[in-house]
2 protein chains.
Amino acid sequence: MPTVSSEELAAAAGVNSAKLRKDFSYLGSYGTRGVGYDVEYLVYQISRELGLTQDWPVVIVGIGNLGAALANYGGFASRGFRVAALIDADPAMAGKPVAGIPVQHTDDLERIIQDNGVSIGVIATPAGAAQQVCDRLVAAGVTSILNFAPTVLNVPDGVDVRKVDLSIELQILAFHEQRKAGEEAAAADTAVAPAARRQPADKGPDGDVPAVMPA
Amino acid sequence: MPTVSSEELAAAAGVNSAKLRKDFSYLGSYGTRGVGYDVEYLVYQISRELGLTQDWPVVIVGIGNLGAALANYGGFASRGFRVAALIDADPAMAGKPVAGIPVQHTDDLERIIQDNGVSIGVIATPAGAAQQVCDRLVAAGVTSILNFAPTVLNVPDGVDVRKVDLSIELQILAFHEQRKAGEEAAAADTAVAPAARRQPADKGPDGDVPAVMPA
DNA sequence: CCATCTTTGTGCACGCGTTCACAAAGACAT
DNA sequence: ATGTCTTTGTGAACGCGTGCACAAAGATGG
Ligand SMILES: NC(=O)c1ccc[n+]([C@@H]2O[C@H](COP(=O)([O-])OP(=O)(O)OC[C@H]3O[C@@H](n4cnc5c(N)ncnc54)[C@H](O)[C@@H]3O)[C@@H](O)[C@H]2O)c1
Ligand SMILES: NC(=O)c1ccc[n+]([C@@H]2O[C@H](COP(=O)([O-])OP(=O)(O)OC[C@H]3O[C@@H](n4cnc5c(N)ncnc54)[C@H](O)[C@@H]3O)[C@@H](O)[C@H]2O)c1
């Protein structure tokens with residue numbers, strides 16, 4: 001029987017082995033002292049707890065650049081998700097297949113949700129339409145939403161929203177990038193100056209952020 | 001002078017006002033007691049601290065469905081990012097413009113990075129190519145990477161990687177969705193049964209997760 | 001100039017997640 | 001059987017982020 005110890009798993013994942021054991025203990029998964037965890041059983045237990053043994057139908061609303069890319073993405077199926085329908089407001093797109101799935105018009109949104117028993121919706125419309133689309137999804141029975149539009153969605157209790165904001169991801173990287181440069185400058189005072197780090201051009205007072213700096 | 005109090009800001013953002021004040025205090029003491037914060041000055045200070053006053057050139061590697069969607073996305077420019085170049089390994093794409101920017105071949109990756117002084121790279125290649133692309137980006141001087149490929153990237157110290165895994169976002173939603181159903185079932189024992197919640201089909205023992213469940 | 005009122009900045013305490021450390025459980029050899 | 005050795009499961013300690021509460025700062029009005 002193939003087994004793994006918490007120590008091995010922790011090393012591979014780069015986490016603390018005690019934390020890993022405590023986490024597993026919440027699942028009630030039983031390891032064997034002196035041996036470790038039965039790999040197959042462990043994988044099954046975690047998969048089940050995470051809902052990976054189920055098959056979730058999802059709808060994507062807004063089949064533009066991003067929505068089409070998502071529809072074409074094959075990685076969802078292997079994680080237990082099935083694109084049940086594609087929905088767009090553009091009448092010209094209705095009927096056209098994207099990734100082999102015909103795009104349907106927003107008018108039929110409620111029916112599509114209900115016919116397919118969908119509880120997870122993806123919003124890839126422009127920001128201006130997102131709240132309205134969200135409201136309709138929720139009214140039709142969707143209780144989990146993945147939002148790509150750069151807007152905060154208001155939803156009733158019991159509905160989960162996750163927002164994916166790619167600009168913020170870049171901003172976080174840029175923030176650290178800026179700090180790297182700052183630390184290097186500070187280090188250069190006491191140590192040998194490191195190779196020059198590239199710096200972006202400062203927008204100066206004409207950027208799209210306020211340039212006024214009161215005393 | 002337009003001002004805003006920590007209480008107002010906290011209410012708008014849905015956070016605690018004390019935490020908000022403490023966070024601001026790390027940037028320095030910019031408030032006026034009895035009045036609040038000068039809006040314009042505050043926005044400038046935060047923008048500067050976050051690096052939004054700078055203009056960061058980024059390259060996107062892998063101009064497929066996702067890479068093209070990113071290239072077409074106008075939301076980056078307003079946050080201080082500029083798509084400096086698009087890179088793909090497919091010779092058939094070389095020279096073709098995507099979002100008005102000509103796609104360049106991977107052969108020139110190092111030169112492109114250096115010519116444009118790029119320190120932030122976006123990887124949207126298939127998973128198999130991601131590590132190799134990452135290595136080349138890092139060797140050419142990139143120190144921050146936004147990775148869309150479903151792979152863990154190994155990078156040397158000093159290089160930041162952020163991974164965007166859309167499947168995991170859906171999995172997190174599905175996980176909570178599953179728990180909602182479970183809690184309702186439990187609640188139904190003691191209270192009036194709520195409206196039936198839709199449940200996805202269980203893959204059963206034939207899913208792509210192990211189905212063996214040892215005693 | 002003094003009183004009052006508003007709002008900041010922050011010391012302190014609380015709670016929660018992480019880590020340490022070890023007793024107990026079980027495998028395995030003799 | 002008995003002893004040794006490995007690894008789990010978890011109580012207890014630690015550290016850190018969050019929130020409370022209040023003194024000090026400064027505006028504002030009389
Ligand atoms: N493309 C990206 O890389 C990217 C990155 C980050 C964020 N976003 C955000 O994702 C969203 C979509 O981006 P995109 O580049 O695909 O835009 P897009 O303009 O290419 O696509 C938007 C689609 O939504 C459809 N639509 C408009 N209103 C609708 C409605 N009420 N109901 C249904 N469909 C409607 C349009 O017909 C269009 O097909 C935007 O909010 C954008 O800010 C995109
Ligand atoms: N499309 C999505 O919605 C989505 C969602 C989640 C994750 N992803 C991930 O993002 C990545 C890209 O997805 P996609 O749908 O755009 O795939 P895609 O196949 O449409 O595009 C991949 C592109 O990368 C190029 N490429 C391949 N090897 C390369 C190399 N060594 N150097 C440079 N370019 C190379 C290909 O020529 C192609 O243009 C994949 O790893 C995918 O798993 C995509």
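Only this structure's heavy atoms are used, side chains among them; waters, hydrogens and symmetry mates stay out. Residue numbers begin at 1 in each chain, while the letters A, B, ... track the order of the sequences.
- Here the nucleotide nearest the side chain of B/Tyr37, chosen from C/dG9, D/dA27, D/dG9, is C/dG9.
- For the pair B/Arg33 CZ and C/dT8 C1', the interatomic distance rounds to 5 Å; values are reported in whole Å.
- The distance from atom CG of A/Asp23 to atom P of C/dT19 is 10 Å, rounded to the nearest whole Å.
- One can place CZ of B/Phe24 at 14 Å from C1' of C/dT7, the figure rounded to the nearest angstrom.
- Not a single side chain to side chain donor-acceptor pair (under 3.5 Å) links B/Asn116 to another residue, sequence neighbours left out.
- Residues satisfying the side chain to side chain donor-acceptor pair (under 3.5 Å) test with A/Tyr30, not counting sequence neighbours, are none.
- Listed by chain and number, the residues in a salt bridge (Lys or Arg N to Asp or Glu O under 4.0 Å) with A/Glu7 amount to none (sequence neighbours excluded).
- In terms of the salt bridge (Lys or Arg N to Asp or Glu O under 4.0 Å) criterion, residue partners of A/Arg82 (sequence neighbours excluded) are, by chain and number, A/Asp55.
- In summary, the side chains of A/Glu40 and A/Tyr44 do not present any donor paired with an acceptor at a separation below 3.5 Å, with no hydrogens or angles considered.
- Put simply, B/Tyr30 has no side-chain N or O that comes within less than 4.0 Å of OP1 or OP2 on C/dT7.
- Rounded to whole Å, the distance from OH on A/Tyr26 to C1' on D/dG9 is 11 Å.
- Less than 4.0 Å separates DNA chain C from at least one heavy atom of each of the following residues of residues 5-20 of chain A: A/Asn16, A/Ala18, A/Lys19.
- When the salt bridge (Lys or Arg N to Asp or Glu O under 4.0 Å) test is applied to A/Arg136, the partners found at least two apart in sequence or on another chain are A/Glu110.
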Please list, for nucleotides 11-16 of chain C, all pairs of protein and nucleotide N/O atoms separated by less than 3.5 Å.
{"from": "C/dG11", "atom 1": "O6", "to": "B/Lys22", "atom 2": "NZ", "distance (Å)": "3.3"}
{"from": "C/dC12", "atom 1": "N4", "to": "B/Lys22", "atom 2": "NZ", "distance (Å)": "3.4"}

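- Listed by chain and number, the residues in a side chain to side chain donor-acceptor pair (under 3.5 Å) with B/Arg162 are A/Glu169 (sequence neighbours excluded).
- In this structure B/Asp135 satisfies the side chain to side chain donor-acceptor pair (under 3.5 Å) test together with B/Gln131, sequence neighbours excluded.
- With hydrogens and angles left out, the side-chain atoms of B/Thr53 and B/Arg48 include no donor and acceptor closer than 3.5 Å.
- Every pair tested for ring pair (Phe, Tyr, Trp, His ring centres under 6.0 Å) that includes a residue from residues 135-177 of chain A fails, sequence neighbours excluded, so the list is empty.
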For nucleotides 28-30 of chain D, list the nitrogen or oxygen atoms of the protein found under 3.5 Å from its nitrogen or oxygen atoms, one pair per line.
none

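- The listed nucleotides are C/dT8, D/dG9, D/dG26; the one nearest the side chain of A/Arg21 is D/dG9.
- Regarding A/Met1, its CE atom lies at a distance of 14 Å from the C1' atom of C/dC28, rounded to whole Å.
- By the salt bridge (Lys or Arg N to Asp or Glu O under 4.0 Å) test, B/Lys163 pairs with B/Asp165, sequence neighbours left out.
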